[in-house]
Amino acid sequence: MGITIKIIDKVYCNDLAELLNSDEKLHLAFSLNSPRKNITGNEYYEGCKAWEIRKNGSNFVILYNERPIGSISFYKRDDSTAGCGYWLESRLWGKGYGKETFSLFLPIIKKAGFKYVTADILKSNEASLRIWARYTTDIKENDDRYFPIICLK
């Protein structure tokens with residue numbers, strides 16, 4: 001499919017910021033109740049770096065044929081468990097890009113030394129839940145979210 005994942009770099013941040021600035025459907029999925037605020041590539045990069053320090057995490061760009069289409073990240077929840085989050089531009093939803101990205105990202109998390117990976121998925125995000133359900137049946141839930149846990153073998 002042409003998907004690659006690379007450590008976040010300023011080279012890609014203008015394109016990622018533009019995706020976030022222009023993709024109304026993505027904004028609504030992220031922030032139902034907040035107005036969209038346009039950001040620059042530098043602001044996106046600096047935000048990622050601040051998040052990495054705050055969360056002890058790592059941010060990556062998702063590329064399709066070397067063009068940025070989204071971002072994926074992990075952070076340390078505890079010594080054995082990483083948390084994971086990601087986004088893709090909405091015109092690519094439902095076309096297998098998320099599934100392909102996730103399958104490439106799990107070995108990256110394992111290589112970082114984690115035994116488990118988890119997420120916090122809104123119940124309205126059924127596509128994301130389907131991706132996780134390919135790897136685990138260990139899925140907790142509350143009123144509005146799912147909490148899957150994958151054992152990285």
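The figures here come from the full heavy-atom set of this structure, side chains too, leaving out hydrogens, waters and symmetry mates.
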Gap between atom OG1 of Thr101 and atom CD1 of Ile69 - 0.5 Å precision:
5.5 Å
Side chains of Leu104 and Ile72: does their closest heavy-atom pair fall under 4.5 Å?
no
Is the closest side-chain heavy-atom distance between Tyr45 and Leu16 below 4.5 Å?
no
If I compare all heavy atoms of Cys84 with all of Ala119, which pair ends up nearest, and what's the gap?
O-CB, 3.7 Å
Is there a side-chain contact between Lys76 and Asp79 (heavy atoms, below 4.5 Å)?
yes
Quick one, His27 with Leu20, criterion side chain to side chain contact (heavy atoms under 4.5 Å, CB included). Give me CA distance, side-chain angles, the key distance, then yes/no.
CA-CA 7 Å; His27 171 73; Leu20 290 172; over 6 Å; no
Aromatic ring pairing Phe114/Phe74, orientation class (parallel under 30°, perpendicular over 60°, tilted between)
perpendicular
Give the minimum heavy-atom separation between Pro68 and Leu19, together with the two atoms involved.
O-CD1, 3.7 Å
Leu26 side chain near Trp93 side chain, heavy-atom distance below 4.5 Å
yes
Determine whether Phe105 and Leu152 fall in the same hydrophobic cluster, where Ile, Leu, Val, Met, Phe, Trp and Tyr are linked whenever their side-chain heavy atoms lie under 4.5 Å apart.
yes
What are the two closest non-hydrogen atoms of Thr136 and Asp138, and how far apart are they?
OG1-N, 2.9 Å
Of all the heavy-atom pairs spanning Leu92 and Tyr97, show the shortest one and how long it is.
O-CD1, 3.6 Å
Indicate yes or no: at least one non-hydrogen side-chain atom of Ser80 is less than 4.5 angstrom from one of Asp78.
yes
Going from NZ on Lys95 to OH on Tyr64, what distance comes out if it is rounded to the nearest 0.5 angstrom?
10.0 Å
Assess whether side chain to side chain contact (heavy atoms under 4.5 Å, CB included) is satisfied between Cys13 and Ile8, documenting all intermediate values.
CA-CA 8 Å; Cys13 288; Ile8 198 79; 4.0 Å; yes
Rounded at 0.5 Å granularity, tell me how far NZ in Lys99 sits from CZ in Arg130.
10.5 Å
Is there side-chain contact between Ile150 and Phe102, with at least one heavy-atom pair below 4.5 Å?
yes
Taking atom NZ of Lys140 and atom CG of Asp120, what is their separation to the nearest 0.5 Å?
14.5 Å
Regarding Lys6 and Glu66, does a basic nitrogen lie under 4.0 Å from an acidic carboxylate oxygen?
yes
Dump the intermediate steps for side chain to side chain contact (heavy atoms under 4.5 Å, CB included) on Glu52 and Asn59, then the final yes or no.
CA-CA 7 Å; Glu52 287 179 347; Asn59 282 290; 3.3 Å; yes
Smallest separation among heavy atoms of Pro148 and Ile121, with atom names:
CG-CD1, 3.8 Å
Using only heavy-atom distances, determine whether the side chains of Ser128 and Tyr86 contain a donor-acceptor pair under 3.5 Å.
yes
Indicate yes or no: at least one non-hydrogen side-chain atom of Tyr75 is less than 4.5 angstrom from one of Arg77.
yes
Run the salt-bridge test on Asp143 and Arg145 with the 4.0 Å N-O cut-off and return the result as yes or no.
no
May I ask you to decide whether Glu46 forms a salt bridge with Lys49, counting only side-chain N to carboxylate O separations under 4.0 Å?
no
Verdict with reasoning, Tyr12 to Leu63, per side chain to side chain contact (heavy atoms under 4.5 Å, CB included):
CA-CA 9 Å; Tyr12 304 111; Leu63 302 167; 3.7 Å; yes
Path from Ile108 to Tyr116 over hydrophobic side-chain contacts below 4.5 Å
no
Shortest non-hydrogen pair, Val117 vs Trp132, comes out as O-CZ3, 3.6 Å
